[in-house]
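Heavy-atom basis, side chains included; hydrogens, waters and symmetry copies ignored. Note on naming: letters A, B, ... go to the chains in the order of the sequence lines (proteins, then strands), and numbering restarts at 1 for each one.
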Amino acid sequence: MSAPTTTDHVWRRVHPVTPFVRGWTVLAAIVVIGGQQVLQDIPDGAELAGAIDGLWWKVLLGLAVVAAVAFGYAALAWRMTAYAVDDDVVHLRKGVVFRQQRHARLDRLQAVDIRQPLLARLFGLAELTLEVAGGSGSGVAIGFLKEADAHLLRADLLARAAGLKAERAADGSTTAAADGAPAVVVRAPYGEPGASGHLESAADTRPVSPSEPAAPVAPEQPVYEVPPGRLIVSLLRSVGVWLVVLLLVGVGVVVAVTRNASILVSALPAILGGAGYLFQRFAGEFGFRGAVSPDGIRLRHGLLETRAQTIPPGRVQAVSLSQGPFWRGPDWWRVKVNVAGYVSDGKENQNILLPVGPRDEALTALWLVLPDLGVEEPRELLDEALWGDARTDRWFTTSPRRARWLDPLSWRHNGVAVTDRALLIRTGRWVKTLVVVPHERTQSIGLGQGPWERRLHLADFSLHSTAGPVRPVVYHLDAGDAARLLGEQSVRARSARAHATPERWMERVAEVVPQVVETPR
Amino acid sequence: MTSTPAEMPPQSPGPFDPPGVTWRGVSPRLVPARLIPAAITLGVPLIAGVVLALLVSPWFWILAGVPAAILLWVVAVVPRQVRAIGYAERDDDLLIRKGVMFRSLVVVPYGRMQYVDVEAGPLDRKLDIAKLQLHTASASTDAVIPGLVPDEAERLRDRLTVRGKARLAGL
C-alpha cells in the first residue's frame, strides 16, 4: 500500500484463486443436495439402476454445466470485489448484480477474525472478518487473501483501531509511534498473590520495507490450551451424547422387536443430526489455544476450518462460566462471552472463550477479560462465586428464604455481588453459572416482578447486554435489595463509563511510547 | 454490597417507586388504540360463532364463548395497563415503568442510547398518539413508550437525542 492521502483509496483485489475456492463450495452444496434427493428414492433404486446406463453422461453434463455457472459467477464476483483501508475506515466493494459498498469505522471495531475453511487451507488462503457491532451481517468479510497478507492486514487494522497512527517516513523506516507495542504490565491471574506476571513486547526488529503496512504483528503470550483428550472426554460427559446414544439404543430395540428396518431409515436424519452437532462442536473447538497480547485476547481453534479471533480490550460485554452436572467431578467449566457483533447464528464457537477447562484455567480466562475485579481477595470471592451458597456467603446477596416457594432447588444459590469493577451474578444448582459484567459495559438495567413475586415481596433484576449466549439475570431477589441495586448500579455504571478505556485503547499510551518502553520490571 | 457509591438513595416504598422520581403518564387515547384491533380480531370469530350457533348447531357457542371471554378480559385489563405505563426523565437516564400483573421497570442511560424511533400507524394517527422507542446496543432493551401525544413524543425524542449526544459513551 502506498502512502494514502485522505481522499485517495488504494483499492486492492482479493486473491485470484478465490473464485475457485468459492465455486467449489457452491458445487459441493449442489452435489450434496442432489445426492440427498436421489437417495431419498432408494426403494426405486432398482429401476434407477436400470436407467443409469443412459443417464451417466447426462448427469455428468449437468454437473459440468452447473460447475461452469458456479465458477463463472464466482469469477465475476471476484472481479467486482475490492477493499481499501483508510486511517479510520475500511471500505469493501462487492456484488455482481446488486453492487454494494460498505464502510466500517475502525474505532467501532469489535473483533477481527481470520477464518480458514478446509479448502482455503489447502491453498494457503484465509478470510478476514471485521465485526463492527451493527448486528448480524454487518461485518466486513475480506476473502480470500494469502495467509501472510491476512495476518499483516489484521495487525494493521488493529493498530489503526488502537489509535497508533502508522507513519511511513520518507526513508522507508518506521517511526517510534508504530514501532512495537509498548510494554504492558499486567497483574498475575487470581490466586498468585505477590507474583507479578509481565507481558513485554520487545520492539519488533524485523526489517519493514516501505511497501508493507508499518504496523508489526503484536507479540502474544500463550495463556492456556485445551488438549484434544480433555475435549473428547468433556463431550462424552455431556448430555447431548447420551441423548444420541439413547436414541440409537431405542431405535435398535424397536428394530429388533418389530423386525422392520425402515424405521432405521426414518430415524437416520435425527441420528445424523445429533452426530453432526457433536462433530461440529468437536471440530470447532479442537486445538483451542488462548493468548493475551496488546491487541487483546487471541483465540485459535478449529480442526477442518480454523479460526483465529482477536478481541481487542474493552470489547467483551459479559462473561459467563458454566458447569453442567456431569462436569462436576473433574470440576470443568465452560467460559462464554458476549461480544457485540458476534451473533450466535449457529456458529456458536465464536462466543467461546474456553470450551472446557479446570477451575484455574477458567479463572485465567476470566482474568483475560477482567484483570482487576476490584476486591482485595479475588480468589475468595471467586470461590464463593463458583461454589458457595447462602449459608457461607460474605459478598453475595442471595434470594431470601421465602423464595423457596418459587425456586426450591436453587434459591440458596441465586445471588448477586457487586465490586468496584464488576457485577457478579451466580445462579443455578444443577447447572451452575457465574456471570460477570464490568460496570462500564452495562447497557440498560431492568427490574421485573410477577404476581407471585409481588405476593412474596421479590423481584427479578437483569442487566441488558448485547446479543449473545450470556444473559445476566438474577431471579427472586428481595424486592428492597433489587430496588437498591437498581439505584446503585445506575450510579456505578455512569461513573465507570466516565473512566473507561477509550475505544482506541492505545491512544493514551501512544504519546508516551518512548518512555513506556523503558518501564522497569 | 461491598462498595458504596457517592450518594445512596434512601429506602423506597417499593421497587417500582424509586424515590425522587415524578412519573408522567401517557395519553388515555391509547386505550381505544389497543381495544379496537383486539375487538376486530376477536369479534370476527365471536360473530361467526354466534351466527353458526343460531343456524347450525349449539356446539358453536364454544366458538363464540372463548373469544367473548378473552374480549371481556381485554376490556377489563387494558385501561388499567394504560394507566400503569409511566416514564420519567432523570439527569442521566430515562425510566420506563409498565405492567399491572407483571410489572417491569427499565432504566436506560442517555449515554447508551443508539437511536430513538417515533412511530405512528394509521390508527394511532387517527387517535393522535405516537409510540417512542429507544434502542441501545442490547437487543433485550425493551424501552417503548406507547400512547404519547405527538408533540410530547417529538419533544422527548429531541431531548433524548441531545442528552444522548452530550453523554455519549461508546459501546
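- In this structure, A/Arg471 places its CZ atom where only 12 or fewer heavy-atom neighbours from other residues, nucleotides or ligands lie under 6.0 Å away.
- Residue-environment remark: OH (A/Tyr475) stays at or below the threshold of 12 foreign heavy atoms within 6.0 Å.
- Between chain B and the options A/Arg494, A/Arg315, A/Gln489, the largest number of non-hydrogen pairs under 4.5 Å is found for A/Arg494.
- With a threshold of 4.5 angstrom between heavy atoms, A/Thr442 approaches chain B through N, CA, C or O but not through any side-chain atom.
- Residue-level contacts of residues 47-72 of chain B with chain A do not occur; threshold 4.5 Å between heavy atoms.
- The contact between A/Ala479 and chain B is made by backbone and side chain atoms together, counting heavy-atom distances below 4.5 Å.
- Atom CZ of A/Arg455 sits in a sparse spot, with 12 or fewer heavy atoms from other residues, nucleotides or ligands closer than 6.0 Å.
- Each of A/Gly374, A/Gly446, A/Pro451, A/Gly448 has some count of heavy-atom pairs under 4.5 Å with chain B, and the biggest count is that of A/Pro451.
- For the atom pair CZ of A/Arg441 and OG of B/Ser138, the computed distance is 14.0 Å after rounding to the nearest 0.5 Å.
- For residues 76-108 of chain B, the interface with chain A (any heavy-atom pair closer than 4.5 Å) comprises B/Arg90, B/Asp92, B/Asp93, B/Val100, B/Met101, B/Phe102, B/Arg103, B/Ser104, B/Leu105, B/Val106, B/Val107, B/Val108, sorted by residue number.
- Closest non-hydrogen pair, A/Ser444 versus B/Pro109, comes out as CA-CD, 4.1 Å.
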